[in-house]
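Okay, structure first, notes after.
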Amino acid sequence: MTIAAEKISPVPAEPLVRARNVHKSFGSNEVLKGIDLDVMPGEVVVILGPSGSGKSTFLRCINHLEAIDRGSIVVADEQIGYELRNGRLHKLSDRAIAVQRRKIGMVFQQFNLYPHMTALENIIEAPVGVHKQNRREAQAYAMELLSRIGLTEKAHAYPRQLSGGQQQRVAIARALAIKPKLMLFDEPTSALDPELVGEVLATMRDLADQGLTMIVVTHEIGFAREAADRVVFMDGGVVVEQGRPEVVLSNPSHPRTRLFLSRFIQRG
Amino acid sequence: MTERTISPSMDLRDVANAHQPIEWGRWLLWAFVLVVAANFAWIVAWNPNFGWPIVAEWFTAESILKGLSVTLGLTVVAMIIGTAIGLMLAIARMSNDTLFSSLAGLFIWFFRGTPLLVQLIFWYNLSTLFPQISIAVPFGPTLVSWNTNDLITPMTAAIAGLSLNEAAYMAEIIRGGLLSVDKGQVEATDAFGMTRGRALRRIIIPQAMRSIIPPTGNQLISMIKATSLVSVIAMADLLYSVQAVYNRTFEVIPMLMVAVIWYLVITSILNVGQGFIERYYARGERGATDVRANVRMEEPA
Ligand SMILES: Nc1ncnc2c1ncn2[C@@H]1O[C@H](COP(=O)(O)OP(=O)(O)OP(=O)(O)O)[C@@H](O)[C@H]1O
Ligand SMILES: [Mg+2]
């Protein structure tokens with residue numbers, strides 16, 4: 001990994017995310033066993049894989065919600081959690097890590113909206129409080145985001161007064177409000193009733209069309225097929241297979257991918 | 001019965017037009033309880049042993065009001081300092097840093113584990129234990145030094161004793177509140193790159209308040225009564241003031257009634273206040289009444 005070389009070459013086709021040999025253990029349980037993954041700007045990467053394969057853990061390592069044990073993760077030319085100074089790697093302070101996270105948006109399976117704030121307040125909390133934007137401008141942008149997801153009239157509703165699908169769309173708007181360079185989605189539709197999944201996926205597909213860089217962990221094969229530029233199949237803490245969705249989903253080369261997909265298709 | 005089965009018209013079945021059955025049993029019970037209560041009030045009011053004219057005479061006497069203000073002042077100051085220190089203790093106790101969490105644990109263990117009365121007496125007599133209080137380099141030179149007797153007056157001893165004791169209890173109440181907040185909330189604040197302090201202030205504490213307030217109300221009310229302990233270190237609080245009067249006049253019961261009524265008045269005011277605060281922090285809960293309440297609360301802001 002040569003950080004110096006990266007800085008010199010101003011070639012636009014440089015990965016936004018560059019994960020190398022990422023290892024992560026919880027106690028004696030090694031969950032990630034050397035993940036290598038590059039994500040180009042504007043690319044939509046969907047991560048598939050069986051339960052417990054380490055998909056969420058990997059996603060959480062990208063914004064340092066979990067610290068990795070070995071390897072490196074670089075997002076937008078900054079190594080997450082560390083800093084190269086005088087030829088040595090130094091661990092960053094909590095505050096510096098917080099600053100690094102501010103360019104990465106995250107959407108959670110359980111939405112994690114702030115229940116004591118209205119939808120609008122949820123969306124402007126980080127822009128105003130963390131990014132020190134002018135409140136009026138932040139509100140205007142929040143309303144624009146709300147109208148894009150079709151929830152203008154819910155601006156002053158509290159999360160508990162919204163349906164699951166509406167909550168998740170507000171959560172997506174909240175993550176977009178900080179104008180992130182990268183969006184992470186961890187099973188954004190898994191907590192939703194089946195009839196509400198579609199509206200959230202439609203919102204995500206719009207974002208993909210607008211050229212946002214996205215890493216999406218999901219079990220929605222349909223979304224992967226239609227919106228992904230690349231599908232990454234993870235199993236047992238390693239990337240087993242990756243490629244164009246039409247290739248990986250229709251004609252997987254690895255037996256474990258084939259097994260996983262066949263179970264999925266059987267299930268419905 | 002028969003009428004309903006004969007006419008199955010859907011209009012008749014509209015529940016909006018249904019008759020409420022009169023609940024005779026409940027009304028009877030209400031009437032009975034009210035009569036008993038009125039009778040008891042009558043008996044107490046006309047019982048000469050309560051000495052109501054004396055109660056009325058002393059209720060707003062200067063010495064009593066002075067005592068009342070000492071009680072209220074001590075309560076407010078001790079509660080504010082106690083809550084502030086309690087919040088820091090709670091955060092320290094929950095931190096991953098073993099040094100901070102064990103120091104906080106030690107503090108809580110000591111101040112909850114010893115009687116408040118003893119703590120007050122210790123603070124008051126601090127000068128006999130440490131005649132000088134100094135800020136110094138450990139095992140090194142002294143920087144500043146005070147005479148303990150100049151620092152410790154009955155007032156400072158009372159404030160120190162009450163607030164440090166309160167801090168220990170508040171620390172556990174606040175810690176319980178912080179623990180009650182969903183872990184996903186902390187994760188969201190982390191993911192958005194909020195600093196610890198901001199996350200606590202804006203996201204975590206407001207949600208923790210719902211479970212912090214009811215036990216804090218308890219603490220406040222016990223604190224009002226606990227202030228009466230400061231009479232042992234010669235602070236003239238409400239109870240001490242009425243005692244001073246009945247030690248002269250021997251009108252024990254009427255004077256105690258003066259104190260009791262004042263304590264109840266304060267407690268009632270606090271209960272009303274607590275109700276408002278609880279409704280404020282319940283905003284965002286599902287349910288029409290809560291929504292209306294919070295609209296009202298937010299307008300003046
Ligand atoms: N904080 C943690 N402490 C200990 N073990 C953990 C922790 N988080 C995850 N694990 C373990 O790591 C493994 C991978 O978990 P992870 O959540 O990354 O899987 P996943 O691929 O997202 O699965 P799913 O599809 O069920 O969400 C699991 O065995 C899990 O028990
Ligand atoms: Mg997961």
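Convention: sequence-line order gives letters A, B, ...; per-chain numbering from 1. Since the structure is predicted, the reported quantities are computational estimates derived from the model, not experimental observations.
Side-chain contact between B:Glu187 and A:Arg60 is present, with at least one heavy-atom pair separated by less than 4.5 Å.
Counting heavy-atom pairs closer than 4.5 Å to chain B, the top residue among A:His64, A:Lys103, A:Arg174, A:Gln109 is A:Arg174. With respect to chain A, the highest number of heavy-atom pairs below 4.5 Å among B:Met194, B:Arg196, B:Gln207, B:Arg198 belongs to B:Arg198.
Going from atom CE of A:Met117 over to atom CZ of B:Arg283 covers 7.5 Å, rounded to the nearest 0.5 Å.
In this structure, chain B has a heavy atom under 4.5 Å from the side chain of A:Ile178, while its backbone stays farther away. Looking at A:Pro115, the atoms closer than 4.5 Å to chain B (heavy atoms on both sides) sit in the backbone and in the side chain alike. Only the backbone of A:Leu113 comes within less than 4.5 Å of a heavy atom in chain B; its side chain stays farther off. Heavy atoms closer than 4.5 Å to chain A are found nowhere in B:Arg210, neither backbone nor side chain. Proximity to chain B (any heavy atom under 4.5 Å) is shown, for A:Tyr114, by both the backbone and the side chain. Interface residue B:Asp190: backbone and side-chain heavy atoms are both found under 4.5 Å from chain A.
The backbone N or O of B:Gly184 lies less than 3.5 Å from a partner atom in the side chain of A:Asn112, making a donor-acceptor pair.
Heavy atoms from other residues, nucleotides or ligands lying under 6.0 Å from CG of A:Asp94 number 12 at most. Within 6.0 Å of the CZ atom in A:Arg70, the count of heavy atoms belonging to other residues, nucleotides or ligands does not exceed 12. Within 6.0 Å of atom OH in A:Tyr141, more than 12 heavy atoms from other residues, nucleotides or ligands are found, so the atom counts as buried in its surroundings.
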Next item on the list: Test side-chain contact (heavy atoms from CB on, under 4.5 Å) on A:Glu125 and B:Ile203 and set out the steps.
Entry: CA-CA 10 Å; A:Glu125 177 59 28; B:Ile203 309 298; 4.3 Å; yes

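Shown here for B:Thr195 and A:Arg95, the closest heavy-atom pair between the two residues is CG2-NH1, 3.6 Å. The minimum heavy-atom distance linking B:Phe192 with A:Ala126 is given by the pair CD2-CB, 3.6 Å.
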